[in-house]
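Structure first, commentary second.
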Amino acid sequence: MQEATEKLDMTKWPAPAVRMLLGELTPAEVSAAADDPDPAKKRGNLCEANLFIAEFDRLQRHDDEALRLYRVAASDCPGDYYEYVAAKAALHELGVVP
C-alpha cells in the first residue's frame, strides 16, 4: 500500500478517502475534507466521499449507514461520475430500488 500512496498527493482530494481506508481518518473527517470553495468541485468531492464512506461502512457491517450513503450518492452525484454508477449498482445488488 505504501507504494500506491507514494504516487498520490496525500495533501489533496481524494487522499482523505485513502487515509480513511488506511485507518488514519474517520468517515466524518473525510466528509469534512470534501469541502471546496468551488461548488462543482465540492459536489464532486462529496459524491466521491459518500460512495467511499458507504463502501467503508459496508465493510464494517454498518449496513444502515452504508445504504443511506449509497442512496445519497445515487441521488446527488453527477450522472457522468463513476460513483453515481457504482452507487446505483450497489443499491441494485442490495435489492433496493434507487
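One is the number of the first residue; the rest follow in order along the sequence.
Within the 4.5 Å cutoff, the side chain of Thr26 has no heavy atoms near those of the Met20 side chain. Looking at heavy atoms from C-beta onward, Tyr81 lies in side-chain contact with Glu48 at the 4.5 angstrom threshold.
Proximity of a side-chain donor or acceptor of Arg43 to a complementary backbone N or O of Asp76 within less than 3.5 Å is detected. Under a 3.5 Å cut-off, the side chain of Asp36 and the backbone N or O of Lys42 do not form any donor-acceptor pair. Under a 3.5 Å cut-off, the side chain of Glu55 and the backbone N or O of Phe52 do not form any donor-acceptor pair.
Shown here for Asp35 and Asn45, the closest heavy-atom pair between the two residues is O-ND2, 4.5 Å. Between Ala74 and Tyr84, the shortest heavy-atom distance links the atoms O-CE1, 3.2 Å.
Taken together through direct or relayed side-chain contacts under 4.5 Å among Ile, Leu, Val, Met, Phe, Trp and Tyr, Leu21 and Leu69 form part of one hydrophobic cluster. In the hydrophobic clustering of ILVMFWY residues, with side-chain heavy atoms under 4.5 Å counting as a link, Leu67 and Val72 come out apart.
Cys47 SG to Glu83 CD: the interatomic distance, rounded to the nearest 0.5 Å, is 5.0 Å. The structure places CZ of Arg58 at 4.0 Å from CG of Leu94, a figure rounded to the nearest 0.5 Å. Taking CG from Leu51 and CG from Leu46, the interatomic distance works out to 12.5 Å, rounded to the nearest 0.5 Å. Residue Tyr70 holds its OH atom at 8.5 Å from CG of Asp57, rounded to the nearest 0.5 Å. Note that CH2 of Trp13 is 11.0 Å distant from CG of Leu8, once rounded to the nearest 0.5 Å. Atom CE of residue Met10 and atom CZ of residue Arg19 lie 6.0 Å apart, to the nearest 0.5 angstrom.
The environment of CG in Asp64 is sparse: at most 12 heavy-atom neighbours from other residues, nucleotides or ligands sit within 6.0 Å.
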Exercise. Could you go step by step and tell me if Arg71 and Leu91 meet the side chain to side chain contact (heavy atoms under 4.5 Å, CB included) rule?
Worked result: CA-CA 7 Å; Arg71 285 183 170 141; Leu91 289 170; 4.0 Å; yes

